[in-house]
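Report on one structure; see the data block that follows.
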Number of protein chains: 2
Amino acid sequence: MTAAAVRGGRSVTADDVLDVAGQIVERHGVDALTMRRLADELGVAVTSIYWHVGNRDAVLDGLVDRLLARMEALAPTGDTPGDRVASLARQLRVTLLERPHLVGLAHERDRTPAMFLPVQQAMATELAALGRTGADAALVLRGLQVHVVSSTLMARAAARNASHGTVDPDLWPDDWEDPDLVEALAAPADYDEVFEYGLAAILEAVHREFTATTAD
Amino acid sequence: MTAAAVRGGRSVTADDVLDVAGQIVERHGVDALTMRRLADELGVAVTSIYWHVGNRDAVLDGLVDRLLARMEALAPTGDTPGDRVASLARQLRVTLLERPHLVGLAHERDRTPAMFLPVQQAMATELAALGRTGADAALVLRGLQVHVVSSTLMARAAARNASHGTVDPDLWPDDWEDPDLVEALAAPADYDEVFEYGLAAILEAVHREFTATTAD
DNA sequence: ACCTGAACACCGTTCAAGT
DNA sequence: ACCTGAACACCGTTCAAGT
């Protein structure tokens, strides 16, 4: 079933182009996105894409813009400011985990700050409700961002290694003196747990220092 | 002055090919490495590269192998185990910072675990001298690795943004209620300091728990 | 053993031409 | 307004041919 059939015969739109392009990029990587393949899957001539959205660079830009729009749509849930910050961190994390190729694309194009901005602002609002503002809040925001980014990186690296069957222990010499260490490093860490653990630690620190400040 | 002139007219070797390829990749990115450009800069026919090292994939593999060899050459300095762990973390950091494109290449090819292995083993030796082994040491190693990786990522992202003139504050609304926060986020953080701060915190925790354990 | 040019299939992009 | 095919310059790779 071609994309043209899906569209029921009506002509292609810019949105259709980006839909298909997004699927190719997320399923097979950025390199797999060729103008000819894109045109084929759309059931249209290559040059038609140039009419609707522009050249390959414009297509990739469009995909990044869509990712940024999705980031703007993230909204906190929960009753307390702490819960709401945590929910934003979790939503940011799953968005990053589900679209690794698009995130990489945004990073290559120096759109990372713009990508994080909406959650950063939403988190800042919650932190203000906790009495944390200024340079103080900036520190927490940076800490949360680093935590989310690094934990998603670790999780993805682990997932790729597992699926490739490249097991760590083979790389260590057989006579290494601390087999427990090798085993512990090879064990597939539960990165959801690692993430939640670090998140809780950061939020606890935020509350602790808050009550310490207000106790003065 | 062509590369052939540098070599004084003698014919090209596999090492010469990788030297030039490494320069192109690190200076202009992986996409800039075309077989024809590589051949041009070597002053040789394209097909000659295929004889010496193989196709484009083999060239990139060779570059990654060189990076891994460099990682194996890292050696700790300092008198105490703590100092030696810190020196390894710092050396790892500068190696990553100086070769971002090659590191990205290794990451794409799932060689990240192999890349970190040598420092991980060297650090494990030092941690053992501090009485930390097994799952306990694995936790510290993971923590150190995450710290190095995330702090280099932040530092590079900041460097790229600064050089591109994309300043954060423009992205925030003018009437945002907490100008101190915006200013603090826009200020170019001293990432060397951030790195050292976190590194010291990790090592302090290692020592603290060590003395706590031995005090039993 | 080493290096070459010719040739092939692929790519992004432009443009004049269609309806 | 929308879509097309032809054409161009570029790419990775193979191969038969040179020395």
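The sequence lines fix the lettering, A, B, ..., with proteins before strands; numbering per chain opens at 1.
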Nearest whole angstrom, please: distance from the [atom2] of [N] to the [atom1] of [X].
X: A:I49; N: D:dG5; atom1: CD1; atom2: P; value: 13 Å
X: A:Y50; N: D:dA6; atom1: OH; atom2: C1'; value: 15 Å
X: B:L42; N: C:dC3; atom1: CG; atom2: P; value: 10 Å
X: B:W51; N: C:dT4; atom1: CH2; atom2: P; value: 13 Å
X: B:R37; N: D:dC10; atom1: CZ; atom2: P; value: 14 Å
X: A:D40; N: C:dC10; atom1: CG; atom2: C1'; value: 13 Å
X: B:R36; N: C:dA6; atom1: CZ; atom2: C1'; value: 11 Å
X: A:R56; N: C:dT13; atom1: CZ; atom2: P; value: 8 Å

**Message:** Can you say whether a donor on the side chain of B:T47 sits under 3.5 Å from an acceptor on the base of C:dG5, or the other way round?
**Reply:** yes
**Request:** Please determine, by modelled atom types, if B:H147 and B:R142 share a side-chain donor-acceptor pair under 3.5 angstrom.
**Result:** no
Ion pair [X]/[Y], N-O distance below 4.0 Å:
X: A:D19; Y: A:R66; value: yes
X: B:R90; Y: B:D83; value: no
X: B:R109; Y: B:D57; value: yes

**Prompt:** Under 4.0 angstrom, heavy atoms only, what part of the nucleic acid is B:L33 near: base, sugar-phosphate, or nothing?
**Reply:** sugar-phosphate
Phosphate contact ([N] OP1 or OP2) by [X] side-chain N/O below 4.0 Å:
X: B:N55; N: D:dG12; answer: no
X: B:S11; N: C:dC3; answer: yes
X: A:S48; N: D:dC2; answer: no

**Request:** Could you tell me which nucleotide pairs with C:dT14 by Watson-Crick or G-U wobble geometry, both distances under 3.5 Å, or answer none if nothing does?
**Result:** D:dA6
**Selection from C:dC3, D:dG12, C:dT13 that lies nearest to any side-chain heavy atom of A:V46** = C:dT13
**Complete:** Nearest heavy-atom contact between B:L67 and B:R99 is CD1-CD, 4.0 Å
